[in-house]
Amino acid sequence: MTPNNFDDNFLARQFEANRDHLRGVAYRMLGSRGEVDDAVQETWLRVSRYDTSDIANLRGWLTTVVARICLDMLRSRKTRREDPLGPQVPEPADDARESEAEMADSVGAALLVVLETLQPAERLAFVLHDMFAVPFEEIAPIVGRTVEASRQLASRARRRVQGAPQPQADFSRERKIVDAFLAASREGDFEGLLAVLDPDVVMRADQAAVRLGSLAETRGANAVAQAFKGRAQAAQPALVDGELGVAVIFGGRLRIALRVTFKGDRIVEIEAVADAERLGAFEVDVLKR
């Protein structure tokens with residue numbers, strides 16, 4: 001047996017040993033057995049191409065791979081792939097397959113209904129952290145947020161699951177911060193911007209926003225305040241995927257969405273998204289001034 005064959009066989013055995021775990025993660029993310037099978041199959045197709053010899057925690061790595069796939073599926077909900085498994089994909093043992101009813105019972109039908117109401121990133125953060133004890137340091141790169149923002153995603157999801165919506169006081173406080181931020185930005189009030197920005201605030205921009213003139217990353221209150229001073233003329237407070245943020249609309253179209261993370265009474269993180277495909281996937285509701 002060649003070394004490559006040995007490695008392939010070892011990976012196949014380890015994947016099979018973790019199949020039930022991966023299906024459990026996928027079912028809590030997707031809530032559909034058909035999509036669960038697709039997600040697990042896609043996970044194998046991806047991991048079988050990689051050299052896993054340097055991966056210390058294979059189970060954890062497999063969990064993050066299937067989570068990324070499920071997140072993409074939640075965001076797109078496109079037609080499920082119909083590719084045959086092929087001979088290189090380890091076939092699941094008959095006794096390893098649970099019925100959809102059994103999986104639903106193990107999760108709880110009521111919980112699945114609530115999970116369906118969450119935004120994809122919230123659902124992933126909650127499922128991975130609260131159900132599978134994945135640390136936020138590993139969740140953050142999957143959802144493309146900081147550790148603090150990922151923690152907030154899970155916290156919001158947890159409140160929904162527990163039947164406790166975000167307190168009105170929190171929303172009112174955050175709305176005042178955003179309003180003050182936009183007013184200071186429009187008026188070129190540098191001190192006013194500093195008053196609502198955390199000293200360690202970070203602003204990140206996607207490539208489309210960079211092409212519009214933003215820096216890919218700006219750190220510190222002074223630098224971020226300078227970047228927004230005298231701007232935001234077309235910006236309005238908005239709910240971006242259920243989170244308080246900012247929508248930049250001109251020409252009757254959403255051009256930029258700012259996702260905002262709060263720490264106390266200040267803004268600690270801003271993510272500027274201008275990519276048309278990502279914007280199209282957002283649910284954006286402009287709030288009245």
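This is a predicted model, so every value here is computed, not measured.
Within the 4.5 Å cutoff, side-chain heavy atoms of Leu239 are placed close to those of Leu244. Between Val178 and Val246, the closest side-chain pair of non-hydrogen atoms falls below 4.5 Å. Between Arg145 and Arg259, the closest side-chain pair of non-hydrogen atoms falls below 4.5 Å. At a threshold of 4.5 Å between non-hydrogen side-chain atoms, the residues Val210 and Leu215 do not count as touching. At least one side-chain heavy atom of Ile249 sits less than 4.5 Å from a side-chain heavy atom of Val286. Counting only heavy atoms from C-beta outward, the side chains of Met203 and Leu258 never approach each other to under 4.5 Å. Considering only heavy atoms from C-beta on, Ile55 stays 4.5 Å or farther from Tyr50 through its side chain. Using a 4.5 Å heavy-atom threshold, the side chains of Leu287 and Arg175 count as touching.
Smallest separation of non-hydrogen atoms from Leu279 and Leu254: CD1-O, 3.7 Å. Residues Cys70 and Met29 share a closest heavy-atom pair of CB-CB, 3.7 Å. Looking at every heavy atom in both residues, Ala184 comes nearest to Gly192 through CB-C, 3.7 Å. Nearest approach of Ala125 to Ser150, heavy atoms of both residues: CB-O, 3.9 Å. Scanning all heavy atoms of the two residues, the minimum distance from Arg23 to Asp37 falls at NH2-OD1, 3.4 Å.
Remark: the backbone N or O of Val224 is not paired with any side-chain donor or acceptor of Thr218 at under 3.5 angstrom. Under the 3.5 Å distance criterion, the side-chain polar atoms of Glu122 are matched with a main-chain donor or acceptor of Gln119. Glu35 places no side-chain N or O within donor-acceptor distance of the main-chain N or O of Tyr27, the cut-off being under 3.5 Å. Checking side-chain atoms of Arg123 against main-chain N and O of Arg28 turns up a donor-acceptor pair under 3.5 Å. A donor-acceptor pair under 3.5 Å is formed between the side chain of Arg173 and the backbone N or O of Gly264. Remark: the backbone N or O of Leu197 is paired with a side-chain donor or acceptor of Arg266 at under 3.5 angstrom. The closest donor-acceptor contact from the side chain of Arg46 to the backbone of Val65 lies at 3.5 Å or more, if one exists at all.
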(request) Please report the C-alpha distance between Val40 and Phe15 in whole Å, then the side-chain angles of each, then the deciding distance to 0.1 Å, and finally whether the side-chain contact (heavy atoms from CB on, under 4.5 Å) criterion is met. (result) CA-CA 10 Å; Val40 174; Phe15 186 88; 3.9 Å; yes
(request) Could you please spell out the steps behind the side-chain contact (heavy atoms from CB on, under 4.5 Å) verdict for Arg204 and Glu269? (result) CA-CA 8 Å; Arg204 296 182 177 86; Glu269 180 183 355; 3.8 Å; yes
(request) Mind running side-chain contact (heavy atoms from CB on, under 4.5 Å) on Thr261 and Glu243 for me, showing each step along the way? (result) CA-CA 9 Å; Thr261 301; Glu243 306 170 37; 5.8 Å; no
(message) Run the salt bridge (charged side-chain N to carboxylate O under 4.0 Å, His left out) test on Glu16 and Arg19 for me, step by step, so that the C-alpha distance in whole Å, both residues' side-chain angles and the decisive distance to 0.1 Å come before the verdict.
(response) CA-CA 5 Å; Glu16 188 60 38; Arg19 180 183 288 276; 3.2 Å; yes
(request) Any chance you could lay out the side-chain contact (heavy atoms from CB on, under 4.5 Å) test for Met73 and Leu30, step after step, and finish with the verdict? (result) CA-CA 8 Å; Met73 293 174 71; Leu30 301 170; 4.0 Å; yes
(message) Please determine whether salt bridge (charged side-chain N to carboxylate O under 4.0 Å, His left out) holds for the pair Lys176 and Glu174, giving the CA-CA distance in whole Å, both sets of side-chain angles, and the decisive distance to 0.1 Å.
(response) CA-CA 5 Å; Lys176 289 179 181 178; Glu174 293 174 357; over 6 Å; no
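Just one of Lys229, Arg231, Gln233 meets the side chain to side chain contact (heavy atoms under 4.5 Å, CB included) condition when paired with Ser185; it is Arg231.
Residues satisfying the salt bridge (Lys or Arg N to Asp or Glu O under 4.0 Å) criterion with Arg278, sequence neighbours excluded, are Asp206, Glu271.
In the hydrophobic clustering of this structure, Leu124 groups with Trp61; members are Ile, Leu, Val, Met, Phe, Trp, Tyr whose side-chain heavy atoms approach within less than 4.5 Å, directly or through other members. The hydrophobic cluster containing Leu118 also contains Val25, counting ILVMFWY residues as joined when their side-chain heavy atoms lie under 4.5 angstrom apart, directly or transitively. Leu193 and Val260 fall within the same hydrophobic cluster, where Ile, Leu, Val, Met, Phe, Trp and Tyr residues are linked whenever their side-chain heavy atoms come under 4.5 Å apart, directly or through other members. No path of Ile, Leu, Val, Met, Phe, Trp and Tyr side chains, each step under 4.5 Å between heavy atoms, connects Leu194 with Val196, placing them in separate hydrophobic clusters. There is a path of hydrophobic side-chain contacts, each under 4.5 Å, that joins Phe126 to Leu71.
Side-chain atoms of Arg151 and Ser155 form no donor-acceptor pair, as typed in the model, at a separation below 3.5 Å.
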Output side-chain donor-acceptor pairs under 3.5 Å for residues 128-140, partner residues at least two apart or in another chain, one line each.
{"unit_1": "Asp130", "atom_1": "OD1", "unit_2": "Arg158", "atom_2": "NH2", "d": "2.9"}
{"unit_1": "Asp130", "atom_1": "OD2", "unit_2": "Arg158", "atom_2": "NE", "d": "2.7"}
{"unit_1": "Asp130", "atom_1": "OD2", "unit_2": "Arg158", "atom_2": "NH2", "d": "3.4"}

